[in-house]
Amino acid sequence: MGGVLRRLEDEVEVLDVDSIHVYPPLSSLSAVLDLLGLEEVTVFVWGSELSELVEFELEELGLTVALKPSGGLVRGVSLRKVYEELPRIVLTLDSPTLKAFASRTSVDGLEYMVVYGLDGLAYMLEGDVHRVTIPGVDAASIVHTHPEGACGLSRADVRSSAYALTDLVLFEAAVTPTCAFYIARIGLLYEEDFAFLLNSGDILEPLKLKSLIANAMPL
């Protein structure tokens with residue numbers, strides 16, 4: 001999903017998240033599970049200026065993706081919905097692993113980070129006690145662990161998320177053994193939303209701005 005969104009961002013000049021629709025409905029966990037294990041996937045795109053077939057490969061997954069213009073989609077979903085649901089789908093699919101590492105953090109304070117690359121692979125990094133540094137990589141999303149009881153984003157987390165979202169990371173999240181709190185961009189990040197994050201303190205409650213959302217979910 002992350003690779004599809006990032007490629008659409010490259011190919012579409014006007015990224016209208018409400019007008020552009022895609023099929024299969026990539027906002028659905030069941031639809032994403034149906035695509036796992038396939039070698040070729042066609043994503044039909046409606047409502048954009050995309051005029052010809054675009055193909056790209058996720059080599060590490062052995063997957064070829066085709067973005068194909070469509071005149072209309074009966075069961076398609078808006079890009080907004082895909083952006084909104086992406087964090088929840090990723091965190092749900094990987095919750096067993098994320099919870100296991102967050103449990104370690106709860107015991108010894110050592111934080112861990114999972115960087116989801118654009119190649120389709122996830123990379124696990126080990127940080128320090130109550131700190132993990134985000135590397136300068138072109139990632140689809142970044143998740144790090146917090147100890148139990150710290151379900152939210154600290155001021156330092158929020159600032160790093162602001163820069164990561166500006167660099168086209170789709171979402172960042174902090175996970176505990178029982179909870180995840182994520183912040184995600186919806187389309188491209190607006191300048192005023194970037195400024196809001198830079199001047200914000202901790203974010204512990206749901207938030208919705210023009211081009212981003214933040215929310216908690218159980219694991």
Side-chain angles (χ1 to χ4, degrees), residues 1-94 114-123 135-143 163-173 182-191 193-194 210-213:
M1 291 171 58
V4 170
L5 287 174
R6 288 289 297 271
R7 192 56 185 257
L8 274 172
E9 290 172 355
D10 289 339
E11 297 292 338
V12 175
E13 184 174 345
V14 179
L15 190 72
D16 188 326
V17 297
D18 294 307
S19 296
I20 299 175
H21 287 64
V22 296
Y23 181 84
L26 298 179
S27 61
S28 162
L29 177 59
S30 60
V32 172
L33 289 174
D34 288 341
L35 300 179
L36 296 179
L38 298 180
E39 295 182 355
E40 297 182 0
V41 172
T42 298
V43 177
F44 295 92
V45 182
W46 172 81
S48 76
E49 73 272 20
L50 189 70
S51 59
E52 58 185 30
L53 183 72
V54 175
E55 290 187 335
F56 60 98
E57 293 186 7
L58 298 175
E59 296 183 2
E60 297 293 341
L61 298 181
L63 176 65
T64 298
V65 180
L67 302 179
K68 186 174 183 179
S70 173
L73 294 169
V74 176
R75 294 175 294 168
V77 296
S78 69
L79 276 189
R80 176 179 295 279
K81 191 67 173 177
V82 180
Y83 278 104
E84 289 177 344
E85 293 301 319
L86 173 65
R88 305 184 69 86
I89 290 174
V90 172
L91 294 169
T92 298
L93 287 173
D94 288 348
V114 180
V115 178
Y116 293 89
L118 294 175
D119 56 5
L121 296 183
Y123 302 87
V137 295
D138 190 11
S141 53
I142 300 171
V143 180
Y163 289 108
L165 297 178
T166 301
D167 289 337
L168 300 184
V169 170
L170 292 160
F171 76 88
E172 282 205 23
Y182 61 86
I183 185 167
R185 61 181 177 88
I186 309 300
L188 301 178
L189 190 66
Y190 285 23
E191 183 176 352
D193 293 348
F194 173 73
K210 287 184 178 179
S211 63
L212 65 83
I213 58 171

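Taking all atoms of both residues into account, the shortest heavy-atom contact from Ser211 to Tyr190 is OG-N, 2.8 Å. Here the closest non-hydrogen pair linking His21 and Ser78 is CD2-N, 3.4 Å. For the residue pair Leu35 and Pro24, the shortest heavy atom distance occurs at CD2-CG, 4.4 Å. When every heavy atom of Pro69 is checked against every heavy atom of Ser51, the shortest pair comes out as CG-C, 3.6 Å. Contact detail for Ile186 and Glu84: the closest heavy-atom pair is CD1-CG, 3.7 Å.
Side-chain atoms of Ser27 never come within 3.5 Å of backbone atoms of Glu85 as a donor-acceptor pair (strictly under, hydrogens ignored). Side-chain N or O atoms of Glu9 include none that pairs as donor or acceptor with a backbone N or O of Leu15 at under 3.5 Å. A donor-acceptor distance shorter than 3.5 angstrom exists from the side chain of Arg6 to the backbone of Leu168, with no hydrogens or angles considered.
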Report task. Apply the test side chain to side chain contact (heavy atoms under 4.5 Å, CB included) to residues Leu26 and Leu5: give CA-CA distance (whole Å), side-chain angles for both, the deciding distance (0.1 Å), then the verdict. Result -> CA-CA 10 Å; Leu26 298 179; Leu5 287 174; over 6 Å; no
Requested in this report: Given side chain to side chain contact (heavy atoms under 4.5 Å, CB included), test Val22 with Val77 step by step and report yes or no.
Outcome: CA-CA 6 Å; Val22 296; Val77 296; 4.2 Å; yes
Report task. Take Glu39 and Thr64 through the side chain to side chain contact (heavy atoms under 4.5 Å, CB included) test and state the conclusion after the steps. Result -> CA-CA 6 Å; Glu39 295 182 355; Thr64 298; over 6 Å; no
Query raised in the report: Please walk me through it: do Leu50 and Leu67 pass side chain to side chain contact (heavy atoms under 4.5 Å, CB included)?
Result: CA-CA 9 Å; Leu50 189 70; Leu67 302 179; 4.2 Å; yes
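Using bins of under 30°, 30° to 60° and over 60° for the plane-to-plane angle, the ring pair Phe171/Tyr182 lands in the perpendicular bin.
The distance from the CG atom of Leu188 to the OG1 atom of Thr166 is 10.0 Å, given to the nearest 0.5 Å. A distance of 10.5 Å separates CG of Leu170 from CD1 of Ile142, quoted to the nearest 0.5 Å. Within the model, atoms CG of Leu212 and CD1 of Ile183 stand 5.0 Å from one another, a figure rounded to the nearest 0.5 Å. Expressed to the nearest 0.5 Å, how far CG of Leu86 lies from CG of Leu79 amounts to 11.5 Å. Here the straight-line distance linking atom CG of Asp94 with atom CD1 of Ile89 works out to 12.0 Å at 0.5 Å rounding. Distance CZ/Arg88 to CG/Leu29: 11.0 Å, rounded to 0.5 Å.
Counting heavy atoms from C-beta on, the side chains of Val14 and Ile20 never come closer than 4.5 Å.
Scanning for ring pair (Phe, Tyr, Trp, His ring centres under 6.0 Å) contacts around Phe56 gives an empty result, with sequence neighbours left out. With sequence neighbours left out, Tyr116 forms a ring pair (Phe, Tyr, Trp, His ring centres under 6.0 Å) with no residue at all.
Screening residues 10-23 for salt bridge (Lys or Arg N to Asp or Glu O under 4.0 Å) gives Arg7-Glu11, Asp18-Arg80 as the qualifying pairs, with residues at least two apart or on separate chains.
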